[in-house]
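Worksheet: one structure, shown below.
What's counted below: heavy atoms across the whole structure, side chains too, no hydrogens, waters or symmetry copies. Throughout, a chain's letter reflects where its sequence line sits, starting with A, and its residues are numbered from 1.
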Number of protein chains: 2
Amino acid sequence: MNHPTPKVPVPTLERMATYLACLTDLNEKQVQTISSADMEQMTNINAAQFRKDLSYFGEFGRPGIGYSVPELAGRISTILKVDREQPVLLAGAGNLGSALAGYPALRRENFHIVAAFDTDPDKIGSRLWDLDIHDIAQAPAMNRALNAKIGIIAVPAAAAQGVAETLVSAGVTAILNFAPVSLRVPAGVAVRNVDFVQEMAVLSYHLAG
Amino acid sequence: MNHPTPKVPVPTLERMATYLACLTDLNEKQVQTISSADMEQMTNINAAQFRKDLSYFGEFGRPGIGYSVPELAGRISTILKVDREQPVLLAGAGNLGSALAGYPALRRENFHIVAAFDTDPDKIGSRLWDLDIHDIAQAPAMNRALNAKIGIIAVPAAAAQGVAETLVSAGVTAILNFAPVSLRVPAGVAVRNVDFVQEMAVLSYHLAG
DNA sequence: TAGATTGTTAATCGATTAACAATC
DNA sequence: TAGATTGTTAATCGATTAACAATC
């Protein structure tokens, strides 16, 4: 068996997403070709880093020429699997959940929130944008039809672990977690944490005084 | 001159915020003392890592005993400067800005959004929770009284660079940026980026198929 | 005292960057 | 061909983890 991409560093994956965003822009501007040095200009990411990152996945450029913008964009899309529509379950229909469901960039990048869940009886049965809000307990049953593999957790910290377990039992294998807790999930389930308070605290450290 | 903390790695600062959140919980539960091994249990962060992180800032524990929960929480609060109220400017009064302004955890952790700005004439003059929404052009003038050092950018990508420059000219030296662009800021201005689409793309990569 | 746990040094690991032969 | 730029190897840098003397 052939393992073409044994283990790609997470920072490389993060930068791959950055490259793709940049290339999508360039593509709209009809730019045909870029070099790794051009990329460094635009993203502040070292040109050697860019080439090294790509090397985890194959060869993409031509020596002396550079990279075809549309081709590279397409190939990175395929690598990151953002070239196909991806259904997403949203747990938590509060302010943050609402902002995420109403965030056009997610849908534009092929992430389609297809169901919203909450535990609050006042919310269940009401609407979030164009979605009905369901009881989180319904997630496993509903996801048999929806078949979403990605879940977003936008619930209070105290509820997050239970919600994560429900999502996993619904078949979710990747979770974007906005609750400030360290989730325990089975092996094979990917988790990315976004913690606003942590971000603000890191900034706070850098203040003078 | 004495530089007690020459350069602390950013991952260390991120973990410091995690430790503080954990210690705050423990403090509420009246836990008196913890060891680095206990901390590893709770946060999944290696015990040696925890001790190493703290060592950038001084000595905090007692060999054979462990760490006093309230004392350590207090000292980390001081290090991160989250022990005092911090005024924050919010640029962007859309869905995300609204979610941030309505997020109780921020205020609870001493980050007080004291002014909201936008460029949309329909929004300027209206309200966001208990805040008036002002023209972003007013930020420098208003911040002479508010004196906020931290700004949050929750505007569309195309507007973000201009908003960043306005915030910097208003005296902001730390920016939490939700727009998917690489901001150019003067030396001495700290920036942290949060990019939902990037996070989703990294998760997407990990999906099977 | 014996057992536990710290703070720190040294070893390991992994990621970033520089250098350059290959090649368009 | 000469100039430009890739892909990759080697060198550097920095962060994580293990080990252990110090000490409560």
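Neither OP1 nor OP2 of D:dT5 sits under 4.0 Å from any side-chain N or O of A:Ser36. Using a 4.0 Å cut-off, no side-chain N or O of A:Tyr56 falls inside it from OP1 or OP2 of C:dA15. For A:Ser55 and D:dG7, the shortest distance from a side-chain N or O to OP1 or OP2 is not below 4.0 Å.
Here D:dG7 is the nucleotide among D:dG7, D:dC24, D:dT5 with the atom lying nearest to any side-chain atom of A:Tyr67. Among C:dG7, C:dT9, D:dT6, the nucleotide with an atom closest to any side-chain atom of B:Arg51 is C:dG7.
Nearest heavy-atom pair across B:Ala148 and B:Val172 is O-CG2, 4.0 Å.
Residue A:Phe50 contributes atom CZ, which lies 18 Å from atom C1' of C:dA18 at whole-angstrom precision. Rounding to whole angstrom units, CG of residue B:Asn46 and C1' of D:dA15 are separated by 12 Å. Whole-Å rounding puts the B:Gln49 CD to D:dA19 P distance at 16 Å. In this entry the distance linking CG of B:Asp53 with P of C:dG7 reads 12 Å, nearest Å. Look at NZ on B:Lys52: it is 7 Å from C1' on C:dT8, rounded to the nearest Å. We find that CZ of A:Phe60 is positioned 14 Å from C1' of D:dT8, with the value rounded to whole Å. Note: CG (B:Leu54) to C1' (D:dT16) measures 15 Å, nearest angstrom.
The 5' end of DNA chain D is approached more closely, in terms of each residue's nearest nucleotide, by A:Ile65 than by the other of A:Ile65 and A:Ala48.
Remark: the A:Gln161 side chain and the A:Arg184 side chain contain no N/O donor-acceptor pair separated by less than 3.5 Å. Under the 3.5 Å distance criterion, with hydrogens and angles disregarded, a donor-acceptor pair is assigned to the side chains of B:Thr18 and A:Gln198. Of the N and O atoms on the side chains of B:Ser35 and B:Asp38, at least one donor lies less than 3.5 Å from an acceptor on the other residue. For the 3.5 Å distance criterion, the side chains of B:Asn27 and B:Thr24 fail to qualify, holding no donor opposite an acceptor.
In summary, the aromatic rings of A:Tyr67 and A:Phe50 are positioned with their centroids under 6.0 Å apart. Between B:Tyr103 and A:Phe178, the ring centre distance reaches or exceeds 6.0 Å.
With A:Tyr19 as the partner, the side chain to side chain contact (heavy atoms under 4.5 Å, CB included) test is satisfied by one option alone out of A:Ile45, A:Ile34, A:Leu72: A:Ile45.
Of the residues in residues 10-26 of chain A, A:Pro11, A:Arg15 come within less than 4.0 Å of DNA chain C through at least one heavy atom, sorted by number.
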Here DNA chain D, pairs taken as Watson-Crick or G-U under 3.5 Å and shown with ( ), [ ] when crossing and | when to another strand, reads ..||||||||||||||||||||||
Worksheet item: Does the salt bridge (charged side-chain N to carboxylate O under 4.0 Å, His left out) test come out yes or no for B:Arg51 and B:Glu59, once each step is laid out?
Response: CA-CA 9 Å; B:Arg51 298 198 301 276; B:Glu59 303 193 357; over 6 Å; no
